[in-house]
2 protein chains.
Amino acid sequence: MSKPSRATAADVALAAGVSKWTVTRAFTPGASIAEHSRERVLQEAAKLGYRPNLLARSLTTKTTNLVAILVDDFANSYKLPVLEVLTQALQAEQMAAVLININQHFDHLSAILDADQRQVDAVILVGTDFKDEALKLSTLPASRPPLYVLARESTIAHIPAVSCDARISMAAINQHLWAQGYRRPGFMSGPRSLSTALGRKNHFMAFWQQQAGTTVPELAAGSYDHRAAAQALRAYLQQTPTAERIDVLMCENDALAIGVIETARHEFGLRVPQDLAIVGYDGDELAATPSFNLTSYRQPLQEMVATLIAMLKGRSEARSINLPGELIIRGST
Amino acid sequence: MSKPSRATAADVALAAGVSKWTVTRAFTPGASIAEHSRERVLQEAAKLGYRPNLLARSLTTKTTNLVAILVDDFANSYKLPVLEVLTQALQAEQMAAVLININQHFDHLSAILDADQRQVDAVILVGTDFKDEALKLSTLPASRPPLYVLARESTIAHIPAVSCDARISMAAINQHLWAQGYRRPGFMSGPRSLSTALGRKNHFMAFWQQQAGTTVPELAAGSYDHRAAAQALRAYLQQTPTAERIDVLMCENDALAIGVIETARHEFGLRVPQDLAIVGYDGDELAATPSFNLTSYRQPLQEMVATLIAMLKGRSEARSINLPGELIIRGST
DNA sequence: CATCGTTTTGCAACCGGTAGCAAAGTGCGG
DNA sequence: CCGCACTTTGCTACCGGTTGCAAAACGATG
């Protein structure tokens with residue numbers, strides 16, 4: 001009475017004078033149905049405001065067109081464009097994204113189990129990694145939804161990842177820094193994860209070791225948070241005499257780089273890039289503003305997302321892929 | 001064989017030597033079931049990796065514990081903390097959020113219909129509004145999921161909104177500006193929506209009209225985008241002689257304010273706050289950094305979200321509510 | 001040990017669709 | 001006007017749970 005319950009296929013069938021199976025067919029692209037009865041059905045459906053219940057459909061088709069997106073790092077403003085591009089690309093494929101917030105109350109495992117119960121078609125880890133939880137992965141039911149990692153190299157065998165090529169990008173950055181005359185580089189790292197073994201840090205450090213025998217000091221922020229970056233820089237500057245300091249700091253991403261610039265300038269009065277040059281990674285829009293004017297390596301976000309979606313739609317083989325991005329040179333180096 | 005299909009309640013029932021209805025009861029809090037058989041069932045369920053299929057459950061219970069979150073403004077970095085707080089609060093209630101990207105390919109109406117087909121329990125419009133689409137709302141089926149508006153006043157009758165109180169916040173800001181000696185204020189507005197009739201702009205302008213008979217010029221950015229803000233400021237400064245310019249600019253949110261600061265400083269060489277003072281709105285973390293050091297009005301995000309969730313869980317009456325925030329005075333005024 | 005109230009369990013029906021097959025309808029050649 | 005192939009429609013069964021009621025088991029009481 002007060003809540004007019006939704007019209008069902010049976011209601012439409014009655015109104016259109018056909019069986020409910022014919023109604024389903026009218027809403028199934030490519031189904032075998034006479035043109036005149038499809039029109040009749042759609043007309044009645046519109047009149048009754050009928051739209052197929054996707055829950056019921058999913059129950060039999062075993063596909064929900066839902067993808068879970070796991071995010072654990074809301075302090076990093078680059079997550080916003082990632083979410084934007086990802087949701088738009090999914091929606092273009094008639095899919096939708098369930099955004100799951102990973103934090104101390106809700107870990108990766110709970111999130112995957114939860115997503116699994118909701119029968120999502122896939123789980124995408126966005127710029128996050130399992131760390132030591134990787135081991136627990138084996139406790140997951142064998143029938144869990146397929147996992148993918150976006151914008152971070154996968155540390156877990158058999159889990160495909162789409163990321164920006166660390167080797168190529170670091171080569172471009174190092175070439176630029178070397179050409180600019182920098183000789184005392186430092187590296188600021190984010191969360192410690194197993195992936196560092198393959199990641200940006202190692203490629204960066206290997207270059208300087210080979211090229212000049214330099215051991216690059218690591219400033220460990222511990223997380224991709226500008227406050228953590230500030231803290232790590234503070235610690236380094238306080239315990240390092242001016243003469244021995246690095247002349248350029250490569251930051252694992254833009255969020256760190258921005259924290260570093262802020263702290264270097266306003267807390268230590270350093271000029272960027274004269275006293276300390278800074279390089280970021282991601283290509284966050286914020287870093288492009290005149291205040292920061294940060295040299296950064298832009299990740300090919302659109303292509304990465306397109307590649308990932310091709311995988312999960314089965315249009316392309318699911319395996320880890322590294323794509324090249326683009327070095328954007330600005331005033332911070 | 002290759003894909004071990006999920007265990008169902010019937011499988012667990014067989015293993016535990018009970019009927020499938022007993023299995024359901026073991027997973028239903030407060031159901032009538034003997035303790036020993038509950039344990040037996042849970043034990044077998046664990047062994048088989050069984051977890052109830054939420055799709056099937058939702059089909060009969062008519063509740064999905066899914067909420068659609070509609071976002072149309074990914075350029076505004078304040079959306080990230082909003083999403084963080086919102087998803088966390090939902091997850092604490094065993095709910096999950098479907099993030100829907102509103103853009104030129106996918107408008108509000110399509111999003112609501114889509115969410116409706118997925119049987120979401122509610123739709124939350126985050127800091128967005130219908131504008132002229134409000135009219136089309138009547139074309140929605142009467143049985144659509146309940147709509148809520150977060151962080152924006154609702155322009156549509158009967159749709160509850162939880163927002164930051166514009167009257168109180170603007171009074172605090174105006175009092176501060178007046179006390180600081182500013183007398184020639186300007187106002188930068190974002191998207192034109194019907195809600196402006198009730199919103200920040202009118203409260204701001206009304207004060208200056210009453211207090212000093214001043215008509216406040218409006219700099220219309222058209223959207224909450226720092227580039228649009230830059231453009232609007234540029235247009236204003238270029239056509240206004242220095243002597244006639246405003247001495248303080250109230251921006252409808254922090255994203256605009258940041259664009260304004262950037263442009264004023266780096267493009268026009270203006271000092272903030274000496275040549276032009278700036279006030280923002282939201283309390284975005286980014287605005288707190290030394291580079292911007294923006295005076296802003298912090299929205300009570302946690303409380304707003306808690307209030308909204310109380311409404312949609314039916315714990316509190318669903319009606320529009322305005323909550324007070326807090327003026328944070330920094331160096332930009 | 002019969003009786004009665006209470007807890008626990010089983011069952012038929014249903015939620016709203018889809019798969020796959022069988023029956024009915026249609027058009028065309030001979 | 002019949003037979004055949006092809007299109008269209010209807011139907012049974014099922015997806016994996018939940019609802020609400022009836023039957024069974026339990027346990028205390030007289």
Side-chain angles (χ1 to χ4, degrees), chain A residues 3-42 44-45 48-66 94 116-121 141 143, chain B residues 3-42 44-45 48-66 116-121 141 143 145:
Chain A
K3 275 210 173 183
S5 67
R6 268 180 188 69
T8 73
D11 298 332
V12 177
L14 193 65
V18 295
S19 69
K20 68 166 183 165
W21 298 278
T22 301
V23 174
T24 313
R25 288 191 183 96
F27 283 91
T28 308
S32 161
I33 184 175
E35 190 52 42
H36 67 90
S37 50
R38 147 170 279 135
E39 274 170 25
R40 178 103 183 82
V41 167
L42 291 182
E44 288 301 326
L48 296 175
Y50 168 78
R51 316 197 81 205
N53 180 331
L54 295 186
L55 242 47
R57 171 178 293 173
S58 295
L59 194 56
T60 50
T61 59
K62 308 281 185 198
T63 154
T64 51
N65 287 319
L66 264 189
Q94 315 299 327
D116 185 38
Q117 277 196 277
R118 295 205 134 88
Q119 316 294 117
V120 299
D121 293 342
S143 60
Chain B
K3 274 208 175 185
S5 67
R6 267 181 190 69
T8 73
D11 298 331
V12 177
L14 193 64
V18 295
S19 67
K20 68 167 183 166
W21 296 277
T22 302
V23 173
T24 313
R25 288 190 184 99
F27 283 92
T28 309
S32 162
I33 184 176
E35 191 49 42
H36 68 89
S37 51
R38 148 169 281 135
E39 273 169 26
R40 179 102 183 82
V41 168
L42 292 183
E44 287 301 327
L48 296 175
Y50 168 79
R51 314 197 83 206
N53 180 331
L54 294 185
L55 243 49
R57 171 178 292 174
S58 294
L59 193 56
T60 49
T61 59
K62 307 282 186 198
T63 153
T64 51
N65 287 320
L66 264 189
D116 186 38
Q117 277 196 277
R118 293 205 136 88
Q119 315 295 116
V120 300
D121 293 342
S143 61

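Every chain is numbered from 1, with letters handed out A, B, ... down the list of sequences.
The separation between A:R51 atom CZ and C:dG17 atom P is 12 Å, rounded to whole Å. The distance between atom CG of B:D11 and atom P of D:dC14, rounded to the nearest whole Å, is 15 Å. Counting to the nearest Å, the P atom of C:dC14 and the NZ atom of B:K62 are 13 Å from each other. Straight-line distance from the CZ atom of A:R6 to the P atom of C:dC14: 21 Å, rounded to whole Å. Spacing between atom CG of B:N53 and atom P of C:dC15 amounts to 18 Å, rounded to whole angstrom units. In this structure, CG of A:L48 is placed 14 Å from P of C:dG16, rounded to the nearest angstrom. Distance, A:R57 CZ to C:dA19 C1': 14 Å, rounded to whole Å.
For residues 31-40 of chain A, the side-chain hydrogen bond (donor to acceptor under 3.5 Å, both in side chains) pairs, not counting sequence neighbours, are A:R40-A:E44.
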Which pairs, protein N/O on one side and nucleotides 8-11 of chain C N/O on the other, fall under 3.5 Å?
| unit_1 | atom_1 | unit_2 | atom_2 | d |
| --- | --- | --- | --- | --- |
| C:dT9 | OP1 | B:S37 | OG | 2.9 |
| C:dT9 | OP2 | B:A34 | N | 3.1 |
| C:dT9 | OP2 | B:S37 | OG | 3.2 |
| C:dG10 | OP2 | B:S19 | N | 3.1 |
| C:dG10 | OP2 | B:S19 | OG | 2.7 |
| C:dG10 | OP2 | B:T22 | OG1 | 2.9 |
| C:dG10 | O6 | B:R25 | NH2 | 2.6 |

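Between the side chain of B:Q119 and the backbone N or O of B:K62 there is no donor-acceptor pair closer than 3.5 Å.
Legend: residues meeting salt bridge (charged side-chain N to carboxylate O under 4.0 Å, His left out) with B:R118, ordered by chain and number and at least two apart, are B:D114. Among residues two or more places apart in sequence or in another chain, the side chain to side chain donor-acceptor pair (under 3.5 Å) test is passed with A:T61 by none. Shown here are the side chain to side chain donor-acceptor pair (under 3.5 Å) partners of B:T63, two or more places apart in sequence or in another chain: B:D121. For the side chain to side chain donor-acceptor pair (under 3.5 Å) test, no residue two or more places apart in sequence or in another chain qualifies with B:S58.
Nucleic acid contact class of B:F27 (heavy atoms, under 4.0 Å, all strands): none.
Closest to the side chain of A:L59, from the set D:dC14, D:dG17, D:dG16, is D:dG16.
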